[in-house]
Amino acid sequence: MKVLIMRASNTKNYGSLMMVANYIRLYKDKYPESSFIVDNVEVDGLDRIIQSSGVEEIESFKTLEIPLRPECKGNGNITKLFKYASYSLGFGKLISNVGVDKVVQLGGDDFSEYYSIKALTIEFLKLQSMISKGISISLVGQTMGPFSSWRKVWAKNLLSKVSIYSRDYNSAKYLVDELNLDNVNIAADLAYLPLYKQDSKEVSDIVNSMLDGFNTYNVIVPSGLWKAYTSNFTDYITSYKNLIDSLILKGERVLILSHVLSDTSSDNKIIDELRKVLKPSNDVKFISDTILPVEAREIISRAQVVISGRMHACVSAYQVGVPAIPLSYSVKFKGVIGELDIEHHMIDSVGDTKWKPKNGSSEMVERIITELDSINHLGISSEKIKKEVIKLEERIMTQFES
């Protein structure tokens, strides 16, 4: 069986790559004769997926010369609209021609209205095209809905014809109660599973070299999606600077880690600014080069606490039993992380006033410091966190047992 894995296009988003690699590895274990195609056109993308999954039988859109999207350079909006519609409506035929038997589209939020109605429409058109070609489709690890207006009717019709594995109860409840779907299974985010070569000496040695003796630290992942938090970029940078300064004054060490390095929302854009405004210090270390997700998880596993605007950095923290402070900007944080029966320390971080500096601090800095103090006071058990994660792992594995 040849399986197309969709949402594998950005291997420099460690959360996405964790989900892609884990699914391929587990599916291959269950069905050894299967082979895979990934919708990736990056220069080194296929190699990173093979390294992260341990599976060799993978081709990519790049190697097969399949376009990830239509070529629209220099075109106006109307022309782009027609090109995307044409590409999407022909997508089923395009992948049928290379022998795809099954499509697995991994989550997150493609089937929701939080980001773009246009993007959602494109996803629906591609789904419709694949269904028309009789291709088996599974939507895995999804946070779906809510839908409104004409999208709700369209969603109910299309989603009734595929297999759905939700990554949280709230999303599943919406699909069942609001859309009356009976093909919804409750799973969890695939990144909660252990990664290929996790806890190996090979990975440990690589990270030892990266850290070069830097230890006993807190990890900060400053999300490049700054506009999801505040309209003021300067305030965003200043708050992170003030947070890091405050931690150093308290005698803490800080490791600043990139978790997404894609062009449009790279965490490195924020890290580059922080390099400019922070004073040189032996108590601050930056890791912003492209690494493998298992290496990022090893770095996180050695942290005291993880403070992150990237949800999957928090998922990695919980997977290895490290407490985290998720800086939430959407309901997906609550859905993916909120089901763990632990003290979540999640902060609703959206709003200009929260990031506005005042007296060398800001509301965000004060909230984060408060949550850090709470974590230190409570002494959250690593074993309790891991036990909660195991419950989610068991939920995920059900889709590979049927």
Side-chain angles (χ1 to χ4, degrees), residues 3-8 13-32 34 36 38 49 52-55 102-111 136-144 162-176 181 183-199 293-294 296-297 300-301 310-322 324 326 331-342 344 383-402:
V3 183
L4 170 62
I5 307 294
M6 294 177 64
R7 287 302 167 269
N13 179 323
Y14 301 159
S16 296
L17 182 50
M18 287 191 286
M19 292 186 286
V20 170
N22 276 344
Y23 191 90
I24 289 175
R25 177 167 51 85
L26 291 168
Y27 196 92
K28 184 70 172 177
D29 286 345
K30 178 70 174 178
Y31 305 102
S34 58
F36 304 88
V38 289
I49 292 169
S52 296
S53 65
V55 175
K102 176 185 176 70
V103 170
V104 176
Q105 182 155 340
L106 300 176
D109 323 280
D110 300 313
F111 297 98
S136 171
I137 303 168
S138 293
L139 306 179
V140 175
Q142 299 286 344
T143 297
M144 307 180 80
V162 302
S163 297
I164 299 173
Y165 294 88
S166 168
R167 67 179 177 182
D168 63 88
Y169 277 109
N170 290 338
S171 184
K173 188 175 188 302
Y174 170 79
L175 295 174
V176 172
L181 297 178
N183 56 333
V184 180
N185 304 277
I186 301 173
D189 196 292
L190 285 155
Y192 274 118
L193 296 171
L195 303 176
Y196 177 62
K197 291 189 176 181
Q198 184 173 324
D199 298 326
V294 70
R297 180 168 288 184
I300 285 170
S301 74
R310 294 295 186 181
M311 183 186 72
H312 279 111
C314 296
V315 169
S316 272
Y318 294 133
Q319 207 284 328
V320 294
V322 173
V331 296
K332 71 178 183 179
F333 279 76
K334 184 177 180 181
V336 172
I337 293 172
E339 291 179 9
L340 293 168
D341 185 19
I342 59 173
H344 297 109
E383 290 308 310
K384 180 177 180 180
I385 297 173
K386 289 181 179 179
K387 284 180 181 178
E388 286 300 309
V389 169
I390 287 171
K391 294 177 185 177
L392 298 186
E393 291 177 3
E394 291 170 349
R395 218 161 77 187
I396 295 168
M397 293 305 296
T398 58
Q399 65 190 288
F400 299 100
E401 294 165 1
S402 59

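All figures in this text were calculated on a predicted structure; none of them were measured in a lab.
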How far does CG of Leu392 sit from CG of Leu340, to the nearest 0.5 angstrom? 5.0 Å

State which residues pass ring-ring contact (aromatic ring centres under 6.0 Å, His included) with Tyr174; sequence neighbours excluded, sorted by chain then number. none

Asn183 side chain to Val162 backbone, donor-acceptor under 3.5 Å: yes

Any non-hydrogen side-chain atom of Met144 less than 4.5 Å from a side-chain atom of Leu139? yes

Nearest heavy-atom contact between Ala8 and Ile49 is O-CD1, 4.0 Å

Please enumerate all residues that pass side chain to side chain donor-acceptor pair (under 3.5 Å) together with Lys391, with sequence neighbours excluded. Glu388

Are any of the side-chain heavy atoms of Gln399 and Leu26 separated by less than 4.5 Å? no

With sequence neighbours left out, write down each residue that passes side chain to side chain donor-acceptor pair (under 3.5 Å) with Ser301, or none if nothing qualifies. none

Exercise: identify the closest heavy-atom pair between Tyr192 and Val336: OH-O, 2.9 Å

Ala21 meets the side-chain contact (heavy atoms from CB on, under 4.5 Å) criterion, sequence neighbours left out, with Ser52, Ser53

Could you report the tightest heavy-atom contact between Gln198 and Pro194, atom names first, then the distance? OE1-CA, 3.4 Å

Using the rule given for side chain to side chain contact (heavy atoms under 4.5 Å, CB included), can you reason through Asp29 versus Phe400, listing the C-alpha separation, both sets of side-chain angles and the distance that settles it, and then say yes or no? CA-CA 9 Å; Asp29 286 345; Phe400 299 100; over 6 Å; no

Close side-chain approach of Ser138 to Lys102, heavy-atom, < 4.5 Å: yes

Residues 184-196 vs salt bridge (Lys or Arg N to Asp or Glu O under 4.0 Å), sequence neighbours excluded, gives Arg167-Asp189

Side chains of Val20 and Ile24: does their closest heavy-atom pair fall under 4.5 Å? yes

Side chains of Phe111 and Ser171: closer than 4.5 Å at any heavy-atom pair? no

Would you confirm whether Asn185, through its side chain, and Ser166, through its main-chain N or O, come within 3.5 Å as a donor-acceptor pair? no

Quick one: do the Gln319 and Glu393 side chains pair a donor with an acceptor below 3.5 Å? yes

Other residues, nucleotides and ligands only: do more than 12 of their heavy atoms fall within 6.0 Å of NZ on Lys334? no

State, to 0.1 Å, how close Met6 and Val103 come at their nearest heavy-atom pair, and which atoms those are. SD-CG1, 3.6 Å

His312 (side chain) donor-acceptor with Tyr14 (main chain) under 3.5 angstrom: no

Atom CG in Leu195, atom CG in Leu190: separation rounded to 0.5 Å? 11.0 Å

For Ala317, which residues count as a side-chain contact (heavy atoms from CB on, under 4.5 Å) partner, sequence neighbours excluded? Ile300, Val306, Val322, Ala324

Please find the pair of heavy atoms, one from Asn170 and one from Glu339, that lie closest to each other, and give the distance. N-OE2, 4.4 Å

Residue set satisfying side-chain contact (heavy atoms from CB on, under 4.5 Å) with Glu383, at least two apart, ordered chain then number -> Ser381, Lys386

State which residues pass side chain to side chain donor-acceptor pair (under 3.5 Å) with Asp110; sequence neighbours excluded, sorted by chain then number. Arg7

Value for CD1 (Ile390) from CE (Met397), rounded to nearest 0.5 Å, stands at 13.0 Å

Applying side-chain contact (heavy atoms from CB on, under 4.5 Å), can you list everything that pairs with Lys28, at least two apart in sequence or on another chain? Ser34, Phe36, Val55, Glu57

Judged by atom type as modelled, is there a donor-acceptor pair below 3.5 Å linking the side chain of Ser316 to the main-chain atoms of Ala313? no

Lys173 meets the side chain to side chain donor-acceptor pair (under 3.5 Å) criterion, sequence neighbours left out, with Asp177

Any Ile5 side-chain heavy atom under 4.5 Å of Leu106 side chain: yes

Val294 vs Tyr196 side-chain heavy atoms within contact, under 4.5 Å: no

Would you give the length of the straight line joining atom CD1 of Ile342 to atom NZ of Lys387, rounded to the nearest 0.5 angstrom? 13.5 Å

Residues forming a salt bridge (Lys or Arg N to Asp or Glu O under 4.0 Å) with Arg310, sequence neighbours excluded: Asp267

Do you know the tightest heavy-atom contact between Ile385 and Gly321? CD1-O, 3.7 Å

So side chain to side chain donor-acceptor pair (under 3.5 Å) across residues 15-24, not counting sequence neighbours, yields Asn22-Arg25

